[in-house]
Amino acid sequence: MDRAWEADLAGGLPDVSSARSTGTLQVRPLADRPGWRAAGEISLSTRTAWERALDRLARENAEVCHLELSAITFVDVAGVSALAVAVQGLPEGRRIMIEQPPAAVGRVLEMFWPGLPGVEVVAR
C-alpha cells in the first residue's frame with residue numbers, strides 16, 4: 001500500500017481532537033491488506049479528518065479497500081453519509097469492504113442507501 005498518503009492528509013494521519021469535544025479519530029494503515037483501521041469517534045468534531053481519509057481511500061488503486069472499524073465507539077449519520085458519498089464516487093469494479101463497524105453503520109446504509117453497489121459490510 002502507498003504510504004505517501006500520510007503527506008496528503010494535511011501534514012500526517014488524520015488524528016483529530018477538539019476542545020469542544022472529547023472525541024478523537026485515529027486512522028492507521030493496515031499492514032496485511034490495502035486500507036486502514038479507524039479508531040475513536042466519527043462525529044462533527046472529527047468530520048474533516050474522516051472525509052479526508054475516505055477521499056484517500058477512494059483514490060487507492062486496489063480493487064478492494066478495507067476499512068476496519070471495530071474500534072469506532074461512535075458514528076453519526078453524517079459520518080455514514082460521507083462514507084456513502086465516497087462509495088458512490090468509486091470507479092466501476094472497485095469496492096470498500098467495511099469490517100466490524102458499529103451496528104449503526106449497517107443500519108444507516110440500509111435505511112438511506114439500500115443495495116448501494118461498491119460497499120460490503122462485514123458485521124461484528
Side-chain angles (χ1 to χ4, degrees):
M1 183 169 89
D2 176 17
R3 304 284 181 195
W5 66 273
E6 293 175 15
D8 291 347
L9 295 172
L13 295 169
D15 188 359
V16 176
S17 63
S18 170
R20 296 184 313 242
S21 170
T22 60
T24 61
L25 176 65
Q26 295 94 32
V27 178
R28 301 286 183 252
L30 293 168
D32 59 342
R33 58 198 184 279
W36 52 84
R37 178 179 191 269
E41 76 175 42
I42 300 167
S43 64
L44 180 61
S45 65
T46 63
R47 178 96 54 251
T48 300
W50 176 241
E51 290 174 351
R52 284 193 313 246
L54 290 172
D55 179 63
R56 181 60 184 138
L57 183 67
R59 290 187 282 133
E60 288 288 330
N61 288 327
E63 182 179 327
V64 177
C65 286
H66 301 263
L67 187 55
E68 202 277 307
L69 301 179
S70 65
I72 292 295
T73 57
F74 174 80
V75 59
D76 62 14
V77 174
V80 179
S81 178
L83 175 60
V85 168
V87 169
Q88 291 170 335
L90 292 174
E92 188 173 329
R94 297 253 339 272
R95 65 189 168 104
I96 295 175
M97 183 176 294
I98 305 168
E99 301 171 356
Q100 302 179 18
V105 172
R107 287 194 305 260
V108 171
L109 283 171
E110 189 57 35
M111 182 181 299
F112 294 106
W113 297 275
L116 178 65
V119 66
E120 181 179 345
V121 178
V122 180
R124 292 183 180 195

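Between the side chain of R94 and the main chain of E60, a donor-acceptor pair closer than 3.5 Å is present. With W50 contributing its side chain and A82 its backbone, the two residues share no donor-acceptor pair below 3.5 Å. A donor-acceptor distance shorter than 3.5 angstrom exists from the side chain of T46 to the backbone of E41, with no hydrogens or angles considered.
The shortest distance between side-chain heavy atoms of E92 and P117 does not fall below 4.5 Å. In this structure, F74 and S43 have side chains that are in contact, with non-hydrogen atoms separated by less than 4.5 Å. In this structure, the side chains of M97 and R33 stay at 4.5 Å or more apart for every pair of heavy atoms.
In summary, of the residues considered (E68, H66, R56), a side-chain contact (heavy atoms from CB on, under 4.5 Å) with W36 occurs for R56 alone. Residue W113 is tested with V80, V87, V119 for a side-chain contact (heavy atoms from CB on, under 4.5 Å); the sole match is V80.
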Would L54 and L67 satisfy side-chain contact (heavy atoms from CB on, under 4.5 Å), going step by step from the backbone distance to the final call? CA-CA 9 Å; L54 290 172; L67 187 55; 4.1 Å; yes
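Going from atom CG of L83 over to atom CD1 of I98 covers 4.0 Å, rounded to the nearest 0.5 Å. For the atom pair OG (S81) and CD (E51), the distance works out to 8.5 Å, reported to the nearest 0.5 Å. Between the CD1 atom of I42 and the CZ atom of R47 there is a distance of 9.0 Å, given to the nearest 0.5 Å. Put simply, CG on L90 and CD on E63 are 11.5 Å apart, with the number rounded to the nearest 0.5 Å.
Between A86 and A58 the shortest heavy-atom distance is O-CB, 4.4 Å. Taking each heavy atom of V75 and A104 in turn, the nearest pair found is CG1-CB, 4.3 Å. Residues G35 and L57 come closest through the heavy atom pair CA-CD1, 4.0 Å. Residues L69 and P101 come closest through the heavy atom pair CB-CA, 3.8 Å.
Linking ILVMFWY side-chain heavy atoms closer than 4.5 Å, directly or via other members, places L109 and V77 in a single hydrophobic cluster. One hydrophobic cluster, built from ILVMFWY side chains closer than 4.5 Å, holds both I96 and F112.
Residue-environment remark: CG (N61) stays at or below the threshold of 12 foreign heavy atoms within 6.0 Å.
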